Number of protein chains: 6
Amino acid sequence: MHEHEVYESYTVCVVTVSTSRFKKYGEVNGLENIPEEDESGRLIVDAFMENVRDYKLVSDDVGMIRKALISCEQDVVIFTGGTGLNPKDVTIEAVKPMLEREIEGFGEIFRLKSYQEIGYRAMLSRTLAGIYDGKAVFCLPGSKNAVKVGVEIIKEVANHILSHARGMR
Amino acid sequence: MHEHEVYESYTVCVVTVSTSRFKKYGEVNGLENIPEEDESGRLIVDAFMENVRDYKLVSDDVGMIRKALISCEQDVVIFTGGTGLNPKDVTIEAVKPMLEREIEGFGEIFRLKSYQEIGYRAMLSRTLAGIYDGKAVFCLPGSKNAVKVGVEIIKEVANHILSHARGMR
Amino acid sequence: MHEHEVYESYTVCVVTVSTSRFKKYGEVNGLENIPEEDESGRLIVDAFMENVRDYKLVSDDVGMIRKALISCEQDVVIFTGGTGLNPKDVTIEAVKPMLEREIEGFGEIFRLKSYQEIGYRAMLSRTLAGIYDGKAVFCLPGSKNAVKVGVEIIKEVANHILSHARGMR
Amino acid sequence: MHEHEVYESYTVCVVTVSTSRFKKYGEVNGLENIPEEDESGRLIVDAFMENVRDYKLVSDDVGMIRKALISCEQDVVIFTGGTGLNPKDVTIEAVKPMLEREIEGFGEIFRLKSYQEIGYRAMLSRTLAGIYDGKAVFCLPGSKNAVKVGVEIIKEVANHILSHARGMR
Amino acid sequence: MHEHEVYESYTVCVVTVSTSRFKKYGEVNGLENIPEEDESGRLIVDAFMENVRDYKLVSDDVGMIRKALISCEQDVVIFTGGTGLNPKDVTIEAVKPMLEREIEGFGEIFRLKSYQEIGYRAMLSRTLAGIYDGKAVFCLPGSKNAVKVGVEIIKEVANHILSHARGMR
Amino acid sequence: MHEHEVYESYTVCVVTVSTSRFKKYGEVNGLENIPEEDESGRLIVDAFMENVRDYKLVSDDVGMIRKALISCEQDVVIFTGGTGLNPKDVTIEAVKPMLEREIEGFGEIFRLKSYQEIGYRAMLSRTLAGIYDGKAVFCLPGSKNAVKVGVEIIKEVANHILSHARGMR
């Protein structure tokens, strides 16, 4: 598959989950409003270029995270943040029960790649990928390194996932 | 509790789930657009009078049902329809994983009352009640009789559920 | 509904789950081979008369119970035995994950009726009802009293369940 | 069964779950240390008389609740409190995954009795009963009325549950 | 372990899950009836040679898939097909709840190997392995490449799984 | 991170799960009582040196395993044994429902490392890692090889897990 095809074939929504930034900026919507300090969110937006059509900033709250997921009208929804081991981290807990199909291999390959880069600590990265309402959904950790790894993988598989999810193959 | 208090204390959104009506009318939003033949939806709207602030008609589709739930801004969300035993009936399947707390006693008391009225067939009625994002959520069968029983119970407990859900007691 | 209709409209398979009898008689198949001491199995067979087309005796073993369920070719499958609170009782554990839809109200109404007859002990009766592969499936306790209550309820609802399960309404 | 037999046949541990009292008294252990204001805990202790051998007071904390359950050496463990619909109420959430067998009928009969006394609000009472490590475990709401209903039912069924759980029948 | 031992120690049943072929050929049973175009099924049959004792072709239907599993009398049951991300793919959904023990590492190693061959797309392969009723059960994707990878792994571990499952080690 | 820091920062409890040794030695508590033949338990104790503060030997019993977990007062709890595919192996089944957060990546990286050493058989190793009550919990197989791999990984990540679990980062 040519990279060109990838970039034209689907739209992307980026959702940053961060209570600290939410406290500072409130609920944020729209690409023009990305807070400067949200480097991870910005990194994803830059990576998918003109395919990105929307951006949201929500807090670590199950209700807000789900509302963000459901209100996204793009083909691919990428969450960043709120995936840690602390009880306040609930992004995966919020999204998982809503998925129609979970793609367990995403986390495996993500951690395999991270392991090759940062060693055993890679195992602490919780991620999630799956299909919701015909969309490909990904939850990535909030660190820039994690986002870089995640973006690289998503670029390679998003089209495949969407075509499977929509029964085109 | 005086009935007057009940009627002033919370707002209601009614969601009818019906593929056949959806095919006929498309997605419907707003109290002024209730299709005449949606007698069950109308019955709930009439029962809660001025407390009812919104109405939606969606098809038997997990994605649409969840979107309806999440987009309701009222205190109480009442679904009717899509609760049967047929594989196409998915209202309960769509709503259940989104609840933060399920109120198992609702279905029991609902069926107990139905049993006293219609006998053993009451056991076939699937219902659901619980709390989502600070809201009280109910799923009732689509028949007018079921809606009548459900409305009577909801009127008696909605305030209690909301006050528990919001930690006011 | 006229009783006559009930009796003509569906076929029944009775499965007794009992390790002690299994040890004595081995796996039993066919109505002509019901062990005399299996009074509960006999009671169900007699209650549904000519509608009953098959009988099986299996032990308290998840594999055997599931095999019995899957190999039944009748419309209604009624298990008796293996529903107690002891770890060796696994009928419900074996059947539950195979159901496409569970009918929670069956157990409630069953226990409500039992409660009216035997009081609080009724709550100890575990039962299960649901739909598997277009069939109505019931798990009853092994006691004759429980079987009597169960048979009375099943007779009233089996047709309704089957028609729902098969989407005829 | 004669009441005399009931009272001699099993030992009881009472566990009150209450963050507000825990803040005031800290972790409490032993029958001689029941805080005077814990009327519900006292009510259970009085109801089972000399059968009660231990008392604990813990906060609404999953870890503490489970530790209390596991450290009880009595035949019957009765929790009171922490069963409401508020997110801070976690008694049922803490105990449920530890049960080897759940007794669904307990909550039903409990709510049926409550319904006859207090009407529809009964449905809001969450309870739990089951078997853990050969013990009969019950979770009751924290109100005195709920405890009264619960104690009455537990007295009638505890022996039955224990004999089932231990395979004596 | 010598390859010779592997080939003598267990029997195999191959089940192809494919609605399109099912529509063309109906339910197929027996090694002599493998449809010529079922290259993946044929590939597995050839790989396990005389160990293979049965072949079935079923459609993407939960009931048929489970019936196939339960009716296999061989030590090892290998499904191919119906593992994709499309809602119609239900092989894993049908088999998973029936497993007594799941072997999560199978999918990981499968995808690790696929990743080394085909890159990130490997993560989209859903597989399943586990123990049902003393048998080793595997679900592989329907593509020939996936089947090749799967067969290689199964050959290496089937004996180990069977000996563990049967408590011989 | 300097190894020195690792060794000072947390305390460890080692729990060996083995019915055969339990039958021989009964319930064992305390580092001074490790049975000589428990080479795997000894290996873990030696690896974490003065950080290890307690040792327990329990049988393959859900109740005993959970009691051991809950009674450990150390920061890190390491189980060895009872993780196989045989129905009698229940360590993972006992611990999993008690975890507040599961660390899925632990098993993946564990099997990845094992795979590089012993090949495909690595996939049969079931492990578990997660957070319970602010503690890092690990379940390792009972073989010395598995314990060696596990210890190496735990040493690298225990501090990270604890700091995440306690919200210090």
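Here the structure is a predicted model, which is why all the values come from computation and not from measurement. Letters go in sequence order (proteins before strands), and every chain restarts at 1.
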Would you mind reporting whether A:H160 and E:Y120 have side-chain heavy atoms less than 4.5 Å apart?
-> no
Can you establish whether the number of heavy atoms outside E:E73 located under 6.0 Å from its atom CD is more than 12?
-> no
To the nearest 0.5 Å, what is the distance between CG (E:D89) and NE2 (A:H164)?
-> 8.0 Å
Proximity of residues 101-117 of chain E to chain A, residues having a non-hydrogen atom under 4.5 angstrom = E:G107, E:E108, E:R111, E:L112, E:Y115
Among residues 122-140 of chain E, which ones touch chain A with a heavy-atom distance under 4.5 Å?
-> E:M123, E:L124, E:R126
